[in-house]
Amino acid sequence: MSGHDVIVVGSGAAGLIAALALAEKVKVLVLAKGALNSGSTAWAQGGIAAVLDAGDTFEDHIRDTMVAGAGLNRLETVEFVIERAPHAIELLMRMGVPFNTEGPDNQKALHLTREGGHSHRRIVHVADATGHAVQSALEKAAEDHPNITLLPGRACIDLITGRHELRYSGSGRVWGVYALDQATGRVEAHTARATVLATGGAGRCYLFSTAPRGATGDGIAMAWRAGARVSNMEMMQFHPTCLYNLDVKNFLITEAVRGEGGRLKIPSGYPGAGRRFMTRFDSRAELAPRDIVARAIDHEIKRLGLDYVHLDISHQPPEFVREHFPTIYEKLLGLGIDMTKQPIPVVPAQHYTCGGILIDLHGRTDLPGLYAAGECTESGLHGANRLASNSLLECLVFGEAAAADILANWGSFEPPPQVRPWDESRVTDSDEEVIIKQNWTEIRRFMWNYVGIVRTTKRLERAQNRIKLLTEEVEEYYGQFRVSTDLIELRNLLQSAELIVRSALMRKESRGLHYTLDYPDMLREAKDTILVP
Ligand SMILES: Cc1cc2nc3c(=O)[nH]c(=O)nc-3n(C[C@H](O)[C@H](O)[C@H](O)COP(=O)(O)OP(=O)(O)OC[C@H]3O[C@@H](n4cnc5c(N)ncnc54)[C@H](O)[C@@H]3O)c2cc1C
């Protein structure tokens with residue numbers, strides 16, 4: 001049992017910002033699966049969007065966000081986040097994040113880049129490793145804070161609610177989490193007056209994803225099981241070009257390769273081998289927007305039964321390629337691919353989870369005592385598609401908003417009651433670890449093939465049938481054997497997959513990231529897909 005006031009689950013941007021704001025007044029325990037920097041935050045490359053340039057306006061950033069989100073965004077949230085962006089950047093600078101600057105020494109200004117979908121230069125960045133710099137600064141500030149205890153190596157299993165009180169109340173009030181100590185294998189109950197989920201996305205439901213290994217939708221699944229609503233889970237963002245390599249499943253090939261002349265082609269051994277195909281899909285060919293390129297690649301892969309397509313920039317002079325893409329060149333060379341001479345095998349990959357736990361402007365979920373922030377939530381900011389570099393921003397704004405609401409209402413948060421310890425009396429050590437691996441692979445494959453970029457009702461129903469069978473198997477396994485990190489993740493991965501498929505089946509239109517051949521048109525009215533437990 002812990003003697004902390006608030007528990008934060010997750011040590012990425014959302015979790016650590018919330019913890020730092022809370023720690024001004026109360027004692028905070030931060031739990032993280034694996035290492036503190038194992039979330040997506042450390043991997044973010046591009047940067048963070050904020051209106052900082054004299055020629056830019058909040059109205060323009062708001063409009064760009066709404067256009068990307070295909071009208072499914074909640075305007076109130078979009079305004080709330082975008083108007084707080086300059087403050088969030090200032091906060092990070094005060095913590096020592098060394099954003100790139102430009103201009104003479106006495107007039108230094110932040111260097112702003114521009115990304116797809118933004119009508120102005122408004123992305124602050126630290127070279128091409130912004131997330132790493134943000135994660136390091138936040139970790140350092142949290143480590144130095146006397147009111148914060150950081151506990152990595154804890155895989156949270158489920159939320160503790162009224163059902164787990166020693167004097168059973170059955171209420172949905174959240175009192176903390178049961179967490180597996182990944183080193184000892186023991187399950188601990190951590191209780192507090194309030195709990196904040198900041199557990200990141202569910203990208204690992206897909207065979208190819210740019211997200212880290214632990215992005216298994218744990219927070220979304222835990223909140224759902226405890227009784228909170230989730231929203232817009234069908235809105236999964238895919239990046240068009242991720243390296244196809246069965247060992248290295250999440251290496252991004254930046255869109256700049258296409259920007260510098262890279263061509264997408266059919267690989268050898270198939271009809272049309274060596275030919276470009278993007279010209280058949282869009283007049284801008286390889287320079288069409290992300291979702292169009294991703295859909296075209298997916299179409300060719302499904303049409304010809306390919307594993308991947310080729311991205312070829314070998315027609316450019318070798319020095320040009322090496323100079324423009326030093327990191328990618330070296331990485332590929334290490335894998336036996338010389339991109340100055342050979343095409344690169346690529347596939348689209350899951351990149352961002354737009355849907356999640358439904359929250360309000362204060363980061364409140366449906367359950368008393370439970371808040372959420374960051375990629376595990378659906379706040380209304382992204383709608384049907386995320387605008388580039390808006391997601392770290394969402395983490396910062398909602399991490400702070402949740403903390404502010406908890407502190408403002410502190411008097412109403414009662415101390416936690418005594419709760420039941422984790423019951424292991426009826427389980428034994430697993431004798432069939434192979435089941436976990438088999439199911440994990442199966443989920444990621446059928447999600448990739450049936451619930452990917454282009455969907456049909458038939459494919460979604462196939463996925464749903466498999467999920468039903470696997471759920472029985474996994475629940476039986478979960479009931480018999482001692483929990484492990486792999487088992488916790490498998491259970492959550494399956495739950496997230498179920499929510500994605502169910503949401504996709506409910507949306508009878510194509511909007512933003514959800515594209516189905518059975519309903520290719522967009523309906524006049526934009527409606528959230530809200531699932532109620
Ligand atoms: C390759 C890549 C590039 C990106 N580039 C950008 C960019 O340029 N700009 C931008 O705005 N966004 C970018 N994004 C998206 C952005 O990085 C994420 O949306 C954001 O970092 C999510 O932060 P978070 O705090 O919500 O979660 P994360 O940073 O993912 O952290 C999740 C935390 O939860 C913990 N956790 C998870 N499950 C459990 C559990 N069961 N028990 C205990 N702890 C748990 C993890 O250990 C981790 O500490 C990128 C993402 C990727 C993958």
Side-chain angles (χ1 to χ4, degrees), residues 7-19 29-50 85 88 113 115 123-126 128-135 138-139 142 150-159 177-182 190 196-204 209-223 237 239 242 250-252 254 349-354 356-357 372-377 379 381-382 386-396 398-399 483 485 488-489 491-493 496:
I7 290 172
V8 174
V9 185
S11 57
L16 290 182
I17 279 283
L29 173 67
V30 178
L31 300 167
K33 190 167 65 172
L36 291 174
N37 64 356
S38 64
S40 291
T41 298
W43 295 32
Q45 297 170 346
I48 309 173
T113 61
E115 288 185 343
I123 319 294
V124 297
H125 64 107
V126 183
D128 62 354
T130 310
H132 178 72
V134 169
Q135 179 75 34
L138 292 177
E139 261 181 56
L150 297 167
L151 262 193
R154 301 298 192 283
C156 296
I157 306 168
D158 263 318
L159 292 165
V177 281
Y178 288 112
L180 172 75
D181 179 332
Q182 294 174 289
H190 296 277
V196 182
L197 287 174
T199 45
R204 283 298 172 132
S209 169
T210 62
R213 166 76 170 66
T216 47
D218 295 4
I220 299 170
M222 283 193 278
Q237 190 176 63
H239 191 285
C242 175
N250 49 13
F251 186 66
L252 261 193
T254 165
Q350 188 284 344
H351 189 50
Y352 184 80
T353 308
C354 291
I357 308 160
E375 195 172 335
C376 66
T377 68
S379 68
L381 175 66
H382 307 302
R386 171 191 74 130
L387 182 65
S389 289
N390 263 356
S391 37
L392 280 172
L393 175 60
E394 182 188 38
C395 294
L396 304 171
F398 277 98
V483 287
T485 307
I488 293 167
E489 290 185 335
R491 183 172 175 241
N492 293 329
L493 201 72
S496 302

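Order of appearance sets the numbers: ligands from 1, and atoms from 1 within every ligand. Computed from a prediction, not measured in an experiment: that's the story for all the values here.
For the atom pair Asn390 CG and Leu381 CG, the distance stands at 5.0 Å (nearest 0.5 Å). Note: Ser40 OG to Glu375 CD = 5.0 Å, rounded to the nearest 0.5 Å. A distance of 9.5 Å separates CH2 in Trp43 from CG in Leu252, rounded to the nearest 0.5 Å. For the atom pair CZ (Phe251) and OG1 (Thr210), the distance works out to 12.0 Å, reported to the nearest 0.5 Å. Atom CG of Asn492 is separated from atom CG of Asp218 by 4.0 Å, given to the nearest 0.5 angstrom.
With Gly39, Ala49, Ala372, Ala211 as candidates, the residue nearest to atom 31 (O) of ligand 1 on a non-hydrogen basis is Gly39. For the residues Ala129, Ser389, Ser40, the heavy atom positioned nearest atom 17 (O) of ligand 1 is part of Ser40. Ranked by closest heavy atom to atom 24 (P) of ligand 1, the top entry among Gly356, Cys395, Pro212, Ala179 is Cys395. Counting heavy atoms only, Gly47 comes closest to atom 9 (N) of ligand 1 of the residues Gly47, Gly46, Ser11. Nearest to atom 14 (N) of ligand 1 by heavy atom, out of Arg386, Glu375, His351, is Arg386.
Listed by atom number, the atoms of ligand 1 under 4.0 Å from Gly12 heavy atoms are 25 (O), 29 (O), 31 (O), 49 (O). Of all atoms in ligand 1, numbered sequentially from 1 with element shown, those under 4.0 Å from a heavy atom of Gly10 are 33 (C), 34 (O), 35 (C), 49 (O). Near Tyr352, meaning under 4.0 Å from any of its heavy atoms, are these atoms of ligand 1: 19 (O). Close approach of ligand 1 to Gly374 (heavy-atom distance below 4.0 Å) involves ligand atoms 26 (O). Every atom of ligand 1 with a heavy atom of Ala198 under 4.0 Å away is listed here by number and element: 32 (C), 33 (C), 34 (O). For ligand 1 and Ser38, the ligand atoms under 4.0 Å from any heavy atom of the residue are 47 (O). Short contacts between ligand 1 and Thr41, defined as distances under 4.0 Å to a heavy atom of the residue, involve ligand atoms 20 (C), 21 (O), 23 (O), 25 (O), 28 (P), 29 (O).
The protein atom (non-hydrogen) at minimum distance from atom 27 (O) of ligand 1 is Gly200 CA, 3.4 Å. The closest protein non-hydrogen atom to atom 12 (N) of ligand 1 is Ser391 OG, 2.8 Å. Regarding atom 43 (C) of ligand 1, its nearest protein heavy-atom neighbour is Arg154 O, 3.2 Å. Considering only non-hydrogen protein atoms, atom 42 (N) of ligand 1 sits nearest to Cys156 N, 2.8 Å. Shortest contact from atom 44 (N) of ligand 1 to any protein heavy atom: Lys33 N, 3.0 Å. Counting protein heavy atoms only, atom 41 (N) of ligand 1 is closest to Asp218 OD2, 2.7 Å. Nearest protein heavy-atom neighbour of atom 37 (C) of ligand 1: Thr199 O, 3.4 Å. Of the protein's non-hydrogen atoms, the one nearest atom 25 (O) of ligand 1 is Ala14 N, 3.0 Å.
Side-chain atoms of Gln237 come within 3.5 Å of backbone atoms of Arg386 as a donor-acceptor pair (strictly under, hydrogens ignored). A distance-only check finds a donor-acceptor pair linking the side chain of Gln135 to the backbone of Ser11 [under 3.5 Å].
When heavy-atom distances to ligand 1 are checked against a 4.0 Å cut-off, Val9 comes that close only through its side chain, counted from C-beta outward. Under 4.0 Å from ligand 1, the heavy atoms of Ala155 that appear belong solely to its backbone.
When all heavy atoms are compared, the tightest approach of Ile220 to Gly356 is CD1-CA, 4.2 Å. In terms of heavy-atom proximity, Cys376 sits nearest to Leu197 at SG-O, 3.6 Å. Of all heavy-atom pairs between Ile123 and Ala49, the closest is CD1-CB, 3.9 Å. Considering all non-hydrogen atoms of both residues, Leu392 and Ala13 come closest at CD2-CB, 4.0 Å. Listed here is the closest heavy atom pair of Cys156 and Val177: SG-CG2, 3.8 Å. Nearest heavy-atom pair across Gly219 and Thr199 is CA-OG1, 3.0 Å.
Of the N or O atoms in Ala32, none lie within a sub-3.5 Å distance of an N or O in ligand 1. Not a single N or O atom of Thr210, backbone or side chain, sits closer than 3.5 Å to an N or O atom of ligand 1. Considering both main-chain and side-chain atoms, Leu393 never comes within under 3.5 Å of ligand 1 through any nitrogen or oxygen pair. The distance criterion of under 3.5 Å between nitrogen or oxygen atoms is not met by Gly201 with respect to ligand 1. The shortest N or O to N or O distance between Trp43 and ligand 1 is not under 3.5 Å.
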The test is side-chain contact (heavy atoms from CB on, under 4.5 Å); show your working for Leu159 and Val9 and say whether it passes. CA-CA 10 Å; Leu159 292 165; Val9 185; 5.9 Å; no
Mind running side chain to side chain donor-acceptor pair (under 3.5 Å) on His125 and Thr130 for me, showing each step along the way? CA-CA 5 Å; His125 64 107; Thr130 310; 5.3 Å; no
Thr216 and Lys33: side-chain contact (heavy atoms from CB on, under 4.5 Å), yes or no, with the steps? CA-CA 11 Å; Thr216 47; Lys33 190 167 65 172; 3.2 Å; yes
